[in-house]
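In listed order, ligands and their atoms are each counted from 1. A quick note: this is a predicted structure, and the numbers were derived from the prediction, not measured.
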Amino acid sequence: MDSIEVFRQEAHKMIDWIAEYYASVEKFPVKAAIRPGSVFSRIPVFPPVEPEDMRRIFLDFENIILPGITHWQSPGFFAYFPSNTSYPSLLAEMLSSALGAQCMKWETSPAAAELEEAVMNWLKKMTGLPEEFEGVIQDTASTSTLCAILTAREKATGFQVNDKGIGAHSGMRVYCSSEAHSSVEKAVKIAGIGRKNLVKINTDNIFRMIPSRLDEAISRDLENGMKPLCVVAALGTTGSTAVDPIEEIAPICRRYGIWLHIDAAFAGSALILPEYRRFLKGVEQSDSFVFNPHKWLFTNFDCSAYFVKDRESLINTFKLVPEYLRSQIPDHVNDYSNWGIQLGRRFRALKLWFVIRSFGISGLQEKLRYHIYLARELKSWIENHDHFELLAPVDFSLVCFRFHPKGMDEPAELNRINEQLLLSVNRTGRIYISHTKLNDKYTLRMVTGQTNVKLDHVQQAWDLILEHARTIYPF
Ligand SMILES: Cc1ncc(COP(=O)(O)O)c(C=O)c1O
């Protein structure tokens, strides 16, 4: 398709298709229900030699690909954490694709670099993060956390590991709670620290890291000649959105001279609500902070906002300038490829700019407050039901609960029926929920944070859960 006129016609059709998709997304089974391998087996082994017509390609998209898609934008999607889009974000993504700009250096797309700096400053102001923080957009929270741990490692070793390898610096230790996201463990593996040197600190009865246990673990490690490097505290764990007591953890980190990274991947977006700023206590003493606008701020995946206090250490950790990338850039602009792992970078700031302007802070706040209200409604239905129980506090838009028929107290049996319930409701294709284990209890997780979810959707989901629970164990 090399004619601009054909492109124009196809693009118009595509926009109509997308608009129709969004108008009717609820009609698709939320969770793809295809046999493993069934898409692969329909893709020819050899790529086409001759050009194919866009109409044929698109038909195959509808017939082969679409049935194998899980519809994250459906208001019946309550699983994991959402990966939300919105119309302004989609529009910006279209423009970003059209520009096809590769934003590795200021010079390769000055507007992208400068807009990134500006919107990251906006996010900082919107969330109340400390003024000294500087932000950069990474692809994911996993990458942001890896950047934090690598920077902590380099800062602690005088940038020696980058130069000479781990060598004399073995025995570095990283700490997080037993509820921390697996990306911390992955980062520790990649950073050459070794997963055995990730110390998982016990949590209290509401899944928050116990600071005194952290203190004990660090001092024990020091006595044993280990090198405490970094603490990763969660502002909203994946399992239950528990918030570690950052205000108590931060002074421990300061006392031992340890980097404190805050993982607020999902819940961080709630900081745009003044009533949620209480969770920021202690963050001013942290070294880095990540949250994902691609989760709960209606900005297409991928878009992870990473903030760091000591930008020089971040840049010294990653900067490399081979001859072919050398250029004269003024001092006061940023080459963001030196702020992380990848060289090539997409123009992600554009979608954030569109989203923040189009919703306005008040529009974003209204949406988040509504999602939180939905979670509280669901929570109250569960609390008032004799055969269901809540398994964690509901601070944001995640509700953790289980089916607990009165009189049934055998832990293995309770786990079994809840797993059965999850499979059963997901199989209907009407909703998609996910699970975790909290205190070894099989826990159903429902997040009411999808962009378009309304009270009706949550009510219908709850009715469906009750209906299926009754077939598993009548009450
Ligand atoms: C607390 C937390 N941290 C990190 C991640 C990883 O996020 P990403 O997919 O952006 O790497 C998640 C994902 O849900 C999360 O919940």
Participant: Does Asp263 reach ligand 1 with a nitrogen or oxygen that is under 3.5 Å from one of the ligand's nitrogen or oxygen atoms?
Facilitator: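 Yes; at least one N/O pair falls below 3.5 Å.
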Participant: Give me the nearest non-hydrogen protein atom to atom 16 (O) of ligand 1 as residue plus atom name, then the distance to 0.1 Å.
Facilitator: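 Nearest neighbour among protein heavy atoms for atom 16 (O) of ligand 1, to 0.1 Å: Thr238 OG1, 2.8 Å.
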Participant: Yes or no: does Gly236 have any heavy atom under 4.0 Å from an atom of ligand 1?
Facilitator: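 Yes; Gly236 lies near enough to ligand 1 that a heavy-atom distance drops under 4.0 Å.
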Participant: Polar contacts were defined as any N/O atom of the residue lying under 3.5 Å from an N/O atom of the ligand; does this apply to Ala265 and ligand 1?
Facilitator: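 No; every N/O pair is 3.5 Å or more apart.
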Participant: Taking atom types as modelled, is there a side-chain donor on Ser144 or Ser304 under 3.5 Å from an acceptor on the other?
Facilitator: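 The answer is yes; a qualifying pair exists.
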Participant: Name the closest protein heavy atom to atom 14 (O) of ligand 1, giving the residue it belongs to and the distance to 0.1 Å.
Facilitator: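 Looking at atom 14 (O) of ligand 1, the protein heavy atom closest to it is Lys295 CE, 3.2 Å.
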Participant: Which of these passes side-chain hydrogen bond (donor to acceptor under 3.5 Å, both in side chains) with Thr145: His181, His261, Gln138?
Facilitator: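 Only one of His181, His261, Gln138 forms a side-chain hydrogen bond (donor to acceptor under 3.5 Å, both in side chains) with Thr145, namely His261.
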Participant: What is the closest protein heavy atom to atom 6 (C) of ligand 1, and at what distance does it sit?
Facilitator: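 Answer, as residue, atom name and distance: His181 CE1, 3.4 Å.
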Participant: Using heavy atoms and a threshold below 4.0 Å, how should the contact between Thr143 and ligand 1 be classified: side chain, backbone, both, or neither?
Facilitator: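 Contact part for Thr143 vs ligand 1: neither.
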Participant: In terms of the angle between their ring planes, are Phe81 and Phe266 parallel, tilted or perpendicular, with boundaries placed at 30° and 60°?
Facilitator: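 Geometry flag for Phe266 against Phe81: parallel rings.
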Participant: Number the atoms of ligand 1 from 1 as they appear, then name those within less than 4.0 Å of a heavy atom of His294, with their elements.
Facilitator: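 Going through ligand 1 atom by atom, the ones under 4.0 Å from His294 are 10 (O).
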Participant: Are the charged groups of Asp215 and Arg255 less than 4.0 angstrom apart, N to O?
Facilitator: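 Arg255 and Asp215: salt-bridged.
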Participant: Quick one about Ser434 and Arg445 (side-chain donor to acceptor, distance below 3.5 Å, no hydrogens or angles considered), yes or no?
Facilitator: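 Side-chain D/A pair, Arg445 to Ser434: present.
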Participant: Do you see a donor-acceptor pair shorter than 3.5 Å between the side chains of Glu114 and Trp106?
Facilitator: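 Their side chains do contain a donor-acceptor pair, which is all the 3.5 Å distance test asks for.
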Participant: Quick one, His435 with Tyr442, criterion ring pair (Phe, Tyr, Trp, His ring centres under 6.0 Å). Give me CA distance, side-chain angles, the key distance, then yes/no.
Facilitator: CA-CA 7 Å; His435 83 284; Tyr442 193 97; 4.5 Å; yes
Participant: Just to be sure I read this right, does ligand 1 sit under 4.0 Å from the backbone of Ser183, its side chain, both, or neither, counting only heavy atoms?
Facilitator: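 Within the 4.0 Å criterion, Ser183 contacts ligand 1 through side-chain atoms alone.
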Participant: Quick one: does ligand 1 sit under 4.0 Å from the side chain of Phe266, the backbone, both or neither, non-hydrogen atoms only?
Facilitator: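 It is neither; nothing of Phe266 touches ligand 1.
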Participant: To the nearest 0.1 Å, how far is atom 11 (O) of ligand 1 from its closest protein heavy atom, and which atom is that?
Facilitator: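 Answer for atom 11 (O) of ligand 1: Ser142 OG, 2.5 Å.
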Participant: Side-chain donor-acceptor pair under 3.5 Å between Tyr80 and Tyr432, yes or no?
Facilitator: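 Tyr80 vs Tyr432: donor-acceptor pair found between side chains.
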Participant: Check each atom of ligand 1 against the heavy atoms of Phe81 and keep those under 4.0 Å away; list them by number with element.
Facilitator: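 Here the atoms of ligand 1 in question are 14 (O), 16 (O).
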